[in-house]
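Just so it is clear, the model here is predicted, and its values are computed rather than measured.
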Amino acid sequence: MFGFEKLDVWSKSVDLADVVYRLTKDFPDYERFGLANQMRRAAVSVSSNIAEGSSRESRKDFARFIQLAFGSLMEIVSQLHIAQRQGFIAKDEANKLYAQAKEISKMLSGLKRSLGN
């Protein structure tokens, strides 16, 4: 097992990506390469940056990747608002995804603090 796989925040970010993939598969075909793709890429980026950062030799570098993961998470939140306004995601589903993002954001902030930044 790799070190990042032991991190709850990594596991929860993979769960978030699963939800994003599930929700975006029902987007209209014309959004397949638009908003759906953007949301999926951002969702994958969160866990990927945590994983990549964990391989860095310094805590400062790891913290930088945690900040990138946080940025990708904020992209998802913004895109979630757009998707809901466009009627692609139901309000209750959007609220659940928003709550997941909020929890992950707190975990990322705590991890970054623990790294000394």
Side-chain angles (χ1 to χ4, degrees):
M1 179 176 275
F2 293 98
F4 67 87
E5 293 174 297
K6 298 174 188 170
L7 296 172
D8 287 339
V9 68
W10 176 82
S11 180
K12 289 186 183 292
S13 66
V14 170
D15 293 343
L16 179 93
D18 285 342
V19 171
V20 168
Y21 267 79
R22 181 180 53 79
L23 292 175
T24 57
K25 78 177 169 71
D26 293 329
F27 277 25
D29 286 341
Y30 62 85
E31 281 298 334
R32 183 177 312 139
F33 300 107
L35 186 57
N37 186 48
Q38 288 283 19
M39 289 183 76
R40 287 176 173 194
R41 289 169 50 104
V44 168
S45 180
V46 177
S47 62
S48 296
N49 276 302
I50 295 167
E52 186 175 354
S54 73
S55 73
R56 298 302 166 153
E57 293 190 22
S58 75
R59 294 167 70 87
K60 184 177 179 180
D61 279 347
F62 190 7
R64 186 172 60 83
F65 278 88
I66 296 305
Q67 190 61 42
L68 293 171
F70 188 84
S72 294
L73 186 65
M74 294 302 102
E75 284 183 54
I76 295 167
V77 171
S78 178
Q79 294 157 355
L80 177 61
H81 285 287
I82 294 166
Q84 189 193 354
R85 286 181 176 199
Q86 292 299 310
F88 302 153
I89 298 177
K91 187 171 183 70
D92 63 324
E93 292 289 341
N95 288 341
K96 289 177 195 173
L97 185 59
Y98 188 89
Q100 281 182 278
K102 195 168 186 179
E103 178 184 16
I104 292 168
S105 74
K106 290 176 184 176
M107 294 174 83
L108 287 171
S109 293
L111 178 55
K112 188 169 184 244
R113 263 193 316 278
S114 77
L115 294 170
N117 288 343

- Item | Euclidean distance, S48 OG relative to L68 CG, rounded to 0.5 Å | 11.5 Å
- Query: For E75, does its backbone N or O pair with a side-chain atom of S78 as donor and acceptor, under 3.5 Å?
  - Reply: no
- Item | Partner residues of E5 under the side chain to side chain donor-acceptor pair (under 3.5 Å) criterion, sequence neighbours left out | none
- Item | Residues which pass side chain to side chain donor-acceptor pair (under 3.5 Å) with R22, listed by chain and number, not counting sequence neighbours | E93
- Query: Once you round to the nearest 0.5 Å, how far does CZ of R41 lie from CD1 of I76?
  - Reply: 12.5 Å
- Min side-chain heavy-atom separation Q84-K91 under 4.5 Å: yes
- Query: For G53, does its backbone N or O pair with a side-chain atom of R64 as donor and acceptor, under 3.5 Å?
  - Reply: no
- Task: For residues D29 and R32, determine if any side-chain heavy atom of one lies less than 4.5 Å from a side-chain heavy atom of the other.
- Result: yes
- Query: Any side-chain heavy-atom pair from L35 and R40 closer than 4.5 angstrom?
  - Reply: no
- Message: With heavy-atom distances below 4.5 Å as the criterion, would you say the side chains of S105 and M74 are in contact?
- Response: yes
- Message: For F65, give me all partners under ring pair (Phe, Tyr, Trp, His ring centres under 6.0 Å), at least two apart in sequence or on another chain.
- Response: none
- Query: Counting N and O atoms only, with roles assigned by atom type, does the side chain of S11 sit under 3.5 Å from a partner on the main chain of D8, one being a donor and the other an acceptor?
  - Reply: no
- Message: Could you go through D15 and K12, starting from their C-alpha distance and side-chain angles, then the distance that decides it, and tell me whether this counts as salt bridge (Lys or Arg N to Asp or Glu O under 4.0 Å)?
- Response: CA-CA 5 Å; D15 293 343; K12 289 186 183 292; 5.8 Å; no
- Pairing residues for F88 by the ring pair (Phe, Tyr, Trp, His ring centres under 6.0 Å) criterion, not counting sequence neighbours: F27
- Supply the members, apart from F33, of the Ile/Leu/Val/Met/Phe/Trp/Tyr cluster built from side-chain contacts under 4.5 Å; use none for a lone residue. none
- Query: Considering residues at least two apart in sequence or located in another chain, which fulfil the side chain to side chain donor-acceptor pair (under 3.5 Å) criterion with Q67?
  - Reply: K112
- Message: Are L73 and Y98 connected into the same hydrophobic cluster when the rule is that any two of I, L, V, M, F, W, Y join if their side-chain heavy atoms are below 4.5 Å apart?
- Response: yes
- Given I66, which of D61, I50, V9 fulfils the side-chain contact (heavy atoms from CB on, under 4.5 Å) condition? I50
- Task: Give a yes or no on whether V44 and M107 share a hydrophobic cluster (residues Ile, Leu, Val, Met, Phe, Trp, Tyr; joining criterion: side-chain heavy atoms under 4.5 Å apart).
- Result: no
- Enclosure of F4 CZ (heavy-atom neighbours >12, cutoff 6.0 Å): yes
- Task: First locate atom CG of L108, then atom CZ of R113, and finally report the distance between them rounded to the nearest 0.5 Å.
- Result: 11.0 Å
- Can you measure from CG (L23) to CG (L80) and round to the nearest 0.5 angstrom? 8.5 Å
- Query: Do Y21 and L16 share a hydrophobic cluster (ILVMFWY, side-chain heavy atoms under 4.5 Å, transitive)?
  - Reply: no
